[in-house]
Amino acid sequence: MQYDLVIFDNDGVLVDSEPLSNTILAGYLTELGHPTTYDDSLRDYMGAALHRVHDVVRERSGQELPAEFDVTYQGRVFAAFERELQPVEGVDVVLEKLAADGVPYCLASSGSHERIRVALRTTGLYPRFGERRIFSSQDVGRGKPAPDLFLHAAATLGVAPERCVVVEDSPLGVQAARAAGMAVLGFTAMTPADRLAGASALFGSMAELPDLLFG
C-alpha cells in the first residue's frame with residue numbers, strides 16, 4: 001500500500017535518546033525516594049508524555065513529585081543530549097528516500113516541543129522536518145496511548161487516518177496508532193517484539209523500513 005503520510009515517533013525512532021533519558025529519569029526518581037531501575041523506566045514511561053511520570057508516582061506512592069521536577073529532569077536530559085545524542089542508525093537514509101520519492105512525512109512525539117527541537121538540532125535532523133511537520137503531545141489534551149496526537153498531525157496535514165502509517169517503538173505509541181485507525185510499524189531495536197505485538201509489522205533496523213513502506 002502506498003501511504004499518503006508517514007508519521008515518525010521521535011525518541012528511539014529518529015534519535016537514540018531512550019537510553020540517555022531513561023537512565024536519567026530512573027536516577028532522578030530514585031534520588032527523590034521513588035526507587036526506579038532503568039528497566040522499570042523503560043517499562044513504565046517509554047513513549048509517554050511527562051505527565052505520566054507524575055500520575056504513576058502519585059498512584060503508587062500517594063506522593064506528589066516536587067514542583068521543579070519537570071524543569072530539573074529536562075535540564076539534565078538536554079545537557080546529556082548535547083553531549084551524547086546521536087540519530088538512530090540509518091534513519092537519515094530513510095528520510096532522504098521519502099523526500100526523494102515525494103512521500104509526505106512528519107514527527108509526532110510525546111516529548112515537549114523544546115525537547116524535540118533540542119534533539120533534532122543536536123543530531124542534525126531538524127532540516128529534514130522544519131516547523132510545519134513537528135507535532136508534540138503539548139498540542140493536544142491527551143498524550144499516547146490516546147490517539148489525539150496522531151489524529152491531530154494527520155488532520156493538520158490534510159490526510160485521512162486510514163492513509164497514514166506510524167513508525168513507533170513503544171507499546172503506548174502502538175496503542176495510540178491503532179486507536180487512531182492507522183497502520184503502525186513497530187521498531188524492535190530496543191523494545192521486545194512481544195511488547196509491540198499490536199503493530200501491523202515489526203522491524204529491527206532502519207534498513208528494513210523502506211521495504212515495509214513501499215514493498
**Student:** Hey, can you tell me if Phe187 and Phe203 have their rings parallel, tilted or perpendicular (30° and 60° cut-offs)?
**Tutor:**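 Parallel.
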
**Student:** For Arg163 and Leu5, run side chain to side chain contact (heavy atoms under 4.5 Å, CB included): C-alpha distance rounded to whole Å, both residues' side-chain angles, the deciding distance at 0.1 Å, then the answer.
**Tutor:** CA-CA 7 Å; Arg163 300 297 304 168; Leu5 179 64; over 6 Å; no

**Student:** Under a 3.5 Å distance rule, please check whether Ser136 uses its side chain to pair with a backbone N or O of Gly111 as donor and acceptor.
**Tutor:**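 Answer holds: yes.
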
**Student:** Between Thr36 (side chain only) and His34 (backbone N and O only), is there a donor and an acceptor less than 3.5 Å apart?
**Tutor:**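 Yes: the side chain of Thr36 pairs with the backbone of His34.
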
**Student:** Between Glu82 and Ala79, is there a donor-acceptor pair closer than 3.5 Å when you use the side chain of the first and the backbone of the second?
**Tutor:** no

**Student:** For Glu31, I'd like to know if atom CD has over 12 heavy atoms of other residues, nucleotides or ligands within 6.0 Å.
**Tutor:**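 Yes, because the 6.0 Å sphere around CD of Glu31 holds more than 12 heavy atoms from other groups.
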
**Student:** Would you indicate whether the side-chain heavy atoms of Phe69 and Leu29 approach each other to under 4.5 Å?
**Tutor:**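 Yes; the side chains approach each other to less than 4.5 Å.
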
**Student:** Does any non-hydrogen side-chain atom of Asp11 lie less than 4.5 Å from one of Met46?
**Tutor:**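 A side-chain contact under 4.5 Å is absent here.
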
**Student:** Are Asp70 and His54 close enough, and set up right, to give a side-chain hydrogen bond (donor to acceptor under 3.5 Å, both in side chains), and what steps lead you there?
**Tutor:** CA-CA 9 Å; Asp70 290 12; His54 291 265; 2.6 Å; yes

**Student:** Give the C-alpha distance, both sets of side-chain angles, the deciding distance and a yes or no for side chain to side chain contact (heavy atoms under 4.5 Å, CB included) between Phe150 and Asp9.
**Tutor:** CA-CA 10 Å; Phe150 292 141; Asp9 176 40; 5.8 Å; no

**Student:** With side chain to side chain contact (heavy atoms under 4.5 Å, CB included) as the criterion, how do Val174 and Arg195 come out once you've worked through the C-alpha distance, each side chain's angles and the decisive distance to 0.1 Å?
**Tutor:** CA-CA 9 Å; Val174 169; Arg195 297 199 67 213; over 6 Å; no

**Student:** Should Pro66 and Leu32 count as side-chain neighbours, where that means a heavy-atom distance under 4.5 Å?
**Tutor:**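 SC-SC contact between Pro66 and Leu32 confirmed.
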
**Student:** Do you reckon Val53 sits in the same ILVMFWY cluster as Leu42, going by side-chain contacts under 4.5 Å, direct or chained?
**Tutor:**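 Different clusters.
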
**Student:** Determine whether a donor-acceptor pair (N or O, by modelled atom type, separation under 3.5 Å) exists between the side chain of Arg117 and the backbone of Ser112.
**Tutor:** no

**Student:** Check whether Leu14 and Leu212 end up in the same hydrophobic cluster, where Ile, Leu, Val, Met, Phe, Trp and Tyr are linked by side-chain heavy atoms less than 4.5 Å apart.
**Tutor:** yes

**Student:** Side-chain contact, heavy-atom cut-off 4.5 Å: Met182 with Ile7?
**Tutor:**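 Side-chain contact under 4.5 Å: yes.
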
**Student:** Determine whether Arg43 and Asp40 satisfy the following criterion, salt bridge (charged side-chain N to carboxylate O under 4.0 Å, His left out), listing intermediate values before the conclusion.
**Tutor:** CA-CA 5 Å; Arg43 182 194 65 228; Asp40 292 338; 3.3 Å; yes

**Student:** How long is the straight-line distance from OH of Tyr38 back to CD of Glu18, given to the nearest 0.5 Å?
**Tutor:** 7.5 Å

**Student:** Are any non-hydrogen side-chain atoms of Glu131 and Tyr126 less than 4.5 angstrom apart?
**Tutor:**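 They are in side-chain contact.
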
**Student:** Treating Ser110 as the side-chain partner and Ser137 as the backbone partner, does any N or O pair qualify as donor plus acceptor under 3.5 Å?
**Tutor:**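 It does not hold such a pair.
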
**Student:** Taking C-beta and beyond as the side chain, do Val15 and Phe81 meet within less than 4.5 Å on heavy atoms?
**Tutor:** no

**Student:** Where is the tightest heavy-atom contact between Leu149 and Ser109, given as atom of each residue plus distance?
**Tutor:** CD2-O, 3.4 Å

**Student:** Between CD of Gln74 and CG of Leu50, what distance do you get to the nearest 0.5 Å?
**Tutor:** 6.0 Å

**Student:** Are Leu172 and Val56 in one and the same hydrophobic cluster, where Ile, Leu, Val, Met, Phe, Trp and Tyr link if side-chain heavy atoms are under 4.5 Å apart?
**Tutor:** no

**Student:** Please answer: with hydrophobic residues joined when any side-chain heavy atoms are less than 4.5 Å apart, are Leu107 and Val6 in the same cluster?
**Tutor:** yes

**Student:** Report the C-alpha separation of Thr191 and Asp169 in whole Å, then their side-chain angles, then the decisive distance to 0.1 Å, and conclude whether the side-chain hydrogen bond (donor to acceptor under 3.5 Å, both in side chains) test is met.
**Tutor:** CA-CA 6 Å; Thr191 308; Asp169 71 329; 4.7 Å; no

**Student:** Could you report the tightest heavy-atom contact between Tyr28 and Arg76, atom names first, then the distance?
**Tutor:**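 Tyr28 and Arg76 have their closest heavy atoms at CD1-NH1, 3.5 Å.
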
**Student:** Does Pro147 offer a backbone N or O that forms a donor-acceptor pair with the side chain of Arg178 under 3.5 Å?
**Tutor:**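 No, Arg178 side chain to Pro147 backbone: no donor-acceptor pair under 3.5 Å.
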
**Student:** So which atom in Val184 and which in Gly198 form the shortest heavy-atom distance, rounded to 0.1 Å?
**Tutor:**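 Of all heavy-atom pairs spanning Val184 and Gly198, the closest is CG1-O, 4.2 Å.
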
**Student:** Under 4.0 Å between a Lys/Arg side-chain N and an Asp/Glu carboxylate O for Arg60 and Asp44?
**Tutor:**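 So Arg60 pairs with Asp44 through a salt bridge.
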
**Student:** Is it the case that the side chain of Glu84 and the backbone of Leu20 share a donor-acceptor pair, with hydrogens and angles ignored and the cut-off at 3.5 Å?
**Tutor:**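 Not confirmed, Glu84 side chain does not pair with Leu20 backbone.
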
**Student:** If you measure from CZ on Arg133 to SG on Cys106, what distance do you get to the nearest 0.5 Å?
**Tutor:**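 Between Arg133 CZ and Cys106 SG, I get 8.5 Å after rounding to 0.5 Å.
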
**Student:** Provide the closest heavy-atom pair for Phe135 versus Ala153 in the form atom of the first, atom of the second, distance.
**Tutor:** CD1-CB, 3.6 Å

**Student:** Got a second to check how far Thr123's OG1 is from Asp16's CG, nearest 0.5 Å?
**Tutor:**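 Those atoms lie 10.5 Å apart.
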
**Student:** Would you say that Pro210 contacts Val94 through its side chain, given a criterion of any heavy-atom pair below 4.5 Å between the two side chains?
**Tutor:** yes

**Student:** Which heavy atom in Val91 sits nearest to a heavy atom in Leu125, and how many Å separate them?
**Tutor:**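 Result for this residue pair: CG1-CD1, 4.2 Å.
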
**Student:** Does CD belonging to Glu59 count more than 12 external heavy atoms closer than 6.0 Å?
**Tutor:**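 Result for CD/Glu59: open.
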
**Student:** Is there a donor-acceptor contact under 3.5 Å from the side chain of Ser170 to the main chain of Gly173?
**Tutor:**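 Pair found, side chain donor or acceptor close to backbone of Gly173.
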
**Student:** Please test Leu157 against Asp4 for side chain to side chain contact (heavy atoms under 4.5 Å, CB included), starting from the C-alpha separation and ending with a verdict.
**Tutor:** CA-CA 10 Å; Leu157 296 176; Asp4 294 336; over 6 Å; no

**Student:** Could you grab the distance from atom CZ of Arg128 to atom OH of Tyr105, nearest 0.5 Å is fine?
**Tutor:** 6.0 Å

**Student:** Please round to the nearest 0.5 Å and tell me the distance separating atom CG of Asn10 and atom CG of Leu120.
**Tutor:**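 Going from the CG atom of Asn10 to the CG atom of Leu120 covers 5.0 Å.
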
**Student:** Heavy-atom distance under 4.5 Å between the side chains of Lys97 and Val103, does that happen here?
**Tutor:** no

**Student:** Taking all non-hydrogen atoms of both residues, which atom of Ala108 and which atom of Lys144 are closest, and how far apart?
**Tutor:** O-NZ, 3.3 Å

